[in-house]
Protein chains: 2
Amino acid sequence: MRRIAPDRDQLLGTVAEVFREHGYEGASLALIGGATGLGKGSLYHFFPGGKEEMARAVITHIDGWFADNVFAPLRDSGDPLAGIEQMLEATDSYFRSGRRVCLIGAFALDDSRDLFAGQIRDYFGRWVTHLAGALVRSGRRPDEASELAEEAVAAIQGALTLARAASDLDVLSRALRRSRMRLGLPAKI
Amino acid sequence: MRRIAPDRDQLLGTVAEVFREHGYEGASLALIGGATGLGKGSLYHFFPGGKEEMARAVITHIDGWFADNVFAPLRDSGDPLAGIEQMLEATDSYFRSGRRVCLIGAFALDDSRDLFAGQIRDYFGRWVTHLAGALVRSGRRPDEASELAEEAVAAIQGALTLARAASDLDVLSRALRRSRMRLGLPAKI
DNA sequence: CCGAAATTGTACCGAACGGTACAATGAGTC
DNA sequence: GACTCATTGTACCGTTCGGTACAATTTCGG
């Protein structure tokens with residue numbers, strides 16, 4: 001388990017919210033300061049590298065959450081299908097709990113994409129790889145597992161885009177339900 | 001068929017490229033001027049409403065292209081499956097031809113989303129609706145058709161995000177191949 | 001209670017932003 | 001050639017941007 005000072009944890013969560021809501025360019029220091037209650041002095045004390053370091057820290061923070069709650073179950077669960085189920089549930093609760101867009105997905109399309117290209121590529125790459133690994137352990141052929149994993153992750157990202165466009169989070173729920181089916185999980189109770 | 005003065009058509013294409021590459025906020029008038037070779041005088045002559053009108057015109061322009069090349073085949077083709085095939089081919093060629101991201105999808109996640117919310121919602125809404133219509137005419141049950149249509153459009157959007165993140169357009173090709181399968185089309189030659 | 005270090009508010013910087021004003025051109029028409 | 005009217009370049013506006021400097025304050029171990 002990751003060890004983070006609780007206040008820094010919360011700070012990063014708040015900053016993440018601003019980036020999520022406004023994108024990298026749109027998240028001005030004024031907005032970040034307003035949301036966190038911190039002035040520029042404090043902000044630059046905690047993040048000497050300025051806005052770029054803030055974004056990088058936020059991405060790392062999110063990446064860590066996914067490592068613990070999404071990738072780890074896929075990798076470590078004895079029953080791979082149970083791990084996949086955990087992944088889907090973590091995904092659902094994560095994107096439902098107010099944070100309605102994948103910040104990393106948004107950054108991937110943003111003007112800032114080159115700044116964070118490595119972190120973004122790794123995030124999605126690990127998601128697909130871990131899911132494919134679980135599918136292989138559940139008995140799928142490797143090539144089939146790769147396709148299904150890529151399809152599932154893309155379906156989630158696409159559903160988030162459509163959900164945002166339509167202001168309708170049910171799009172995500174339906175996508176997750178379909179993924180459950182495509183990945184060979186029993187229909188949910 | 002839509003009738004557009006060819007030079008305005010080309011101008012909108014160039015401006016679209018800038019928005020696609022940099023997002024709404026990131027596309028500064030300096031960049032737009034540089035890409036089009038037009039100074040602010042000309043830009044504000046053609047788009048008195050400024051940047052917002054430029055973006056709106058670009059979205060309308062793209063929307064028109066999709067109406068002609070994607071939605072129309074879905075609606076008008078005698079053989080619904082042939083229409084779907086046309087849609088997938090138009091989609092493939094559109095996103096492959098240099099324009100590697102869905103501008104409207106990017107705007108949906110951008111800070112500018114509220115400005116263009118209506119246009120964005122309509123674009124995706126019509127895509128799903130027309131595809132679902134074709135599926136119904138191909139013999140699917142309406143609820144099944146809706147699910148499949150939403151899945152297909154989301155898969156394309158998600159694939160574009162992943163393709164951008166991985167700098168690998170093959171992600172899109174694979175997604176389209178899977179869509180072909182899911183939608184009941186014969187595997188491509 | 002003291003001193004060092006962490007934290008903060010405020011004033012300020014140059015640059016870039018979107019937008020405006022307007023005079024100078026351009027092209028076509030009588 | 002003169003009269004339009006569309007088109008363009010340029011200088012300029014106020015605002016906001018990310019970032020810096022630094023003094024004042026708080027915190028806290030000794």
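The sequence lines fix the lettering, A, B, ..., with proteins before strands; numbering per chain opens at 1.
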For DNA chain C, what string of dots and brackets results from 5' to 3' when Watson-Crick and G-U pairs need both distances under 3.5 Å, crossing pairs get [ ], and pairs with another strand get |?
||||||||||||||||||||||||||||||
Show every salt bridge (Lys or Arg N to Asp or Glu O under 4.0 Å) that has at least one partner inside [range], sequence neighbours left out.
{"range": "residues 151-164 of chain A", "answer": "A:Glu151-B:Arg182"}
{"range": "residues 28-47 of chain B", "answer": "none"}
{"range": "residues 114-131 of chain B", "answer": "B:Asp63-B:Arg126"}

A:Arg140: which residues meet the salt bridge (Lys or Arg N to Asp or Glu O under 4.0 Å) condition with it, sequence neighbours left out?
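Expected list: A:Glu144.
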Measure from CG on A:Leu43 to P on D:dG19 and round the result to the nearest Å.
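Spelled out: CG on A:Leu43 to P on D:dG19 is 11 Å.
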Can you tell me the distance, in whole Å, between the CZ atom of B:Phe47 and the C1' atom of D:dT7?
14 Å
I'd like to check the ring-ring contact (aromatic ring centres under 6.0 Å, His included) partners of A:Tyr123; sequence neighbours left out, ordered by chain and number.
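Only A:Phe66, A:Trp127 meet the ring-ring contact (aromatic ring centres under 6.0 Å, His included) criterion with A:Tyr123.
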With sequence neighbours excluded, residues passing ring-ring contact (aromatic ring centres under 6.0 Å, His included) with B:Phe116:
B:Tyr24, B:Phe107
Got a donor-acceptor contact below 3.5 angstrom from the A:Ser93 side chain to the A:Ala90 backbone?
yes
Run the side-chain donor-acceptor check on residues 25-33 of chain B: report pairs under 3.5 Å with partners two or more places apart or on a different chain.
unit_1  : atom_1 : unit_2  : atom_2 : d
B:Ser28 : OG     : B:Leu31 : N      : 3.2

Do nucleotides 8-18 of chain C as a string where each nucleotide becomes B, S or -: B if the base has a protein heavy atom under 4.0 Å, S if just the sugar-phosphate does, - if no protein is that close.
BBB------SB
